[in-house]
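Quick caveat, the model's predicted, so the values are computed rather than measured. In the text below, chain A, chain B and the rest are named by the order of the sequence lines, each starting its count at 1.
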Amino acid sequence: MNYWLMKSEPDAYSLDDLANEPKKTEHWDGIRNYQARNFMRDDMKKGDLAFFYHSNCAEPGIVGIVEVVKEAYPDHTAWDKKSKYYDEKSTKENPRWLMVDVKLKKRLKRNVTLREMKEKLPLKDMRLVARGNRLSIMPVAKKEWDYILKLAEKTPK
DNA sequence: GCCAACGTTGGC
DNA sequence: GCCAACGTTGGC
């Protein structure tokens with residue numbers, strides 16, 4: 001069982017949006033980065049858990065936990081000419097991009113912010129806090145996962 | 001809105 | 001296969 005972190009811009013798709021889906025489940029489309037795709041394709045399994053991270057917003061941070069409920073399958077938005085994720089090089093015979101389905105498992109009691117995580121020594125090796133990190137799906141070590149869950153229970157400062 | 005860091009593209 | 005140019009990400 002693996003742990004992950006998945007980024008989303010709340011302006012585009014927020015935790016609330018996921019909470020409002022039927023069955024609180026939605027496909028995670030629009031991943032157009034090979035490294036992130038390979039993580040989904042090779043290592044992301046049904047039952048894995050992932051942090052839902054809000055990026056590119058006022059308070060970037062982890063806001064919830066989702067569960068992978070369907071493993072990697074072709075991202076149909078790559079075939080849709082009207083989609084901003086359209087990619088002419090992705091065909092039905094040879095789909096270039098993949099997605100998984102995730103279900104909202106729980107909201108954290110509070111937003112565990114990037115700023116806060118950067119200050120914590122036990123999290124110093126996380127890819128998320130590395131300089132210039134742009135990966136939208138990344139693995140999280142069990143130790144880090146547990147530590148962040150504990151942080152979420154505490155009021156900051 | 002700015003801009004540093006990064007990934008991708010394409011000419012050679 | 002190198003690498004400059006370009007587009008994108010995402011914190012601030």
Side-chain angles (χ1 to χ4, degrees), chain A residues 2-21 26-44 48-66 68 72-102 104-105 107-141 143-145 147-152 154-157:
Chain A
N2 294 313
Y3 297 93
W4 304 93
L5 182 142
M6 299 169 88
K7 293 182 185 174
S8 186
E9 302 189 14
D11 284 349
Y13 195 82
S14 70
L15 188 76
D16 283 336
D17 292 327
L18 182 59
N20 289 330
E21 301 287 355
E26 182 58 303
H27 48 261
W28 199 268
D29 61 31
I31 298 296
R32 296 293 179 271
N33 167 286
Y34 290 105
Q35 224 180 332
R37 180 204 65 184
N38 294 348
F39 280 137
M40 286 196 288
R41 184 190 60 196
D42 302 333
D43 300 317
M44 204 176 258
D48 282 1
L49 298 177
F51 286 132
F52 194 116
Y53 177 89
H54 279 168
S55 68
N56 206 5
C57 56
E59 284 272 276
I62 294 170
V63 291
I65 296 174
V66 298
V68 176
Y73 62 105
D75 181 343
H76 57 75
T77 63
W79 301 328
D80 177 3
K81 280 196 172 147
K82 281 174 292 190
S83 168
K84 69 170 185 166
Y85 298 121
Y86 176 68
D87 180 353
E88 58 174 11
K89 291 181 186 140
S90 183
T91 62
K92 301 220 173 182
E93 297 72 39
N94 191 14
R96 173 178 290 206
W97 302 114
L98 304 172
M99 60 189 179
V100 297
D101 287 358
V102 297
L104 179 61
K105 192 110 168 130
R107 285 168 189 276
L108 296 189
K109 283 187 184 161
R110 65 181 186 88
N111 179 359
V112 178
T113 64
L114 178 63
R115 190 163 51 85
E116 182 183 357
M117 289 188 278
K118 280 184 168 169
E119 291 168 358
K120 304 294 183 190
L121 211 55
L123 301 180
K124 69 175 168 47
D125 294 328
M126 277 188 88
R127 301 180 77 147
L128 182 69
V129 304
R131 197 157 129 273
N133 159 72
R134 289 172 44 182
L135 200 54
S136 56
I137 295 182
M138 67 184 81
V140 174
K143 273 195 307 192
E144 295 159 351
W145 179 273
Y147 185 82
I148 290 168
L149 284 185
K150 266 193 284 173
L151 277 185
K154 290 191 231 162
T155 30
K157 318 259 140 58

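In this structure, CD1 on A/Ile31 lies 8.5 Å from CG on A/Asp75, to the nearest 0.5 angstrom. Here the straight-line distance linking atom CG of A/Asp125 with atom CD of A/Glu144 works out to 7.0 Å at 0.5 Å rounding. If you take CH2 on A/Trp145 and CD1 on A/Ile65, they are separated by 4.5 Å, rounding to the nearest 0.5 Å.
In this structure, A/Asp87 atom CG and C/dG7 atom P are separated by 17 Å, rounded to whole Å. Rounded to whole Å, the distance from CZ on A/Arg115 to P on C/dG11 is 13 Å. Atom CG of A/Asn33 is separated from atom P of C/dT8 by 14 Å (rounded to the nearest Å). Between A/Arg127 atom CZ and B/dA5 atom P the separation is 18 Å, expressed in whole Å. In this structure, the CD1 atom of A/Ile137 is 15 Å from the P atom of B/dG7, given to the nearest Å. Atom CD1 of A/Ile31 is separated from atom P of C/dT8 by 16 Å (rounded to the nearest Å). For the pair A/Asp11 CG and C/dG11 C1', the computed distance is 15 Å after rounding to whole Å. When rounded to the nearest whole Å, the span between CG of A/Asn133 and P of B/dA5 equals 13 Å.
Every residue meeting the salt bridge (charged side-chain N to carboxylate O under 4.0 Å, His left out) condition with A/Lys109, not counting sequence neighbours, appears here in chain and number order: A/Glu153.
Contact annotation: A/Lys118 side-chain N/O to C/dC12 OP1/OP2 distance is under 4.0 Å. For the pair A/Lys7 and C/dT9, the criterion of a side-chain N or O lying under 4.0 Å from OP1 or OP2 is not met. The phosphate of B/dA4 has neither OP1 nor OP2 within less than 4.0 Å of any side-chain N or O from A/Arg131.
The residue from A/Ile62, A/Leu5, A/Val66 that alone fulfils the side chain to side chain contact (heavy atoms under 4.5 Å, CB included) condition with A/Phe52 is A/Val66.
Counting only heavy atoms from C-beta outward, the side chains of A/Arg96 and A/Arg32 never approach each other to under 4.5 Å. Two residues are said to be in side-chain contact when any heavy atoms from C-beta on lie closer than 4.5 Å; A/Gln35 and A/Met138 fail this criterion.
Listed by residue number, A/Tyr53, A/Ser55, A/Asn56, A/Pro60 are the residues of residues 49-63 of chain A with a heavy-atom contact under 4.0 Å to DNA chain C.
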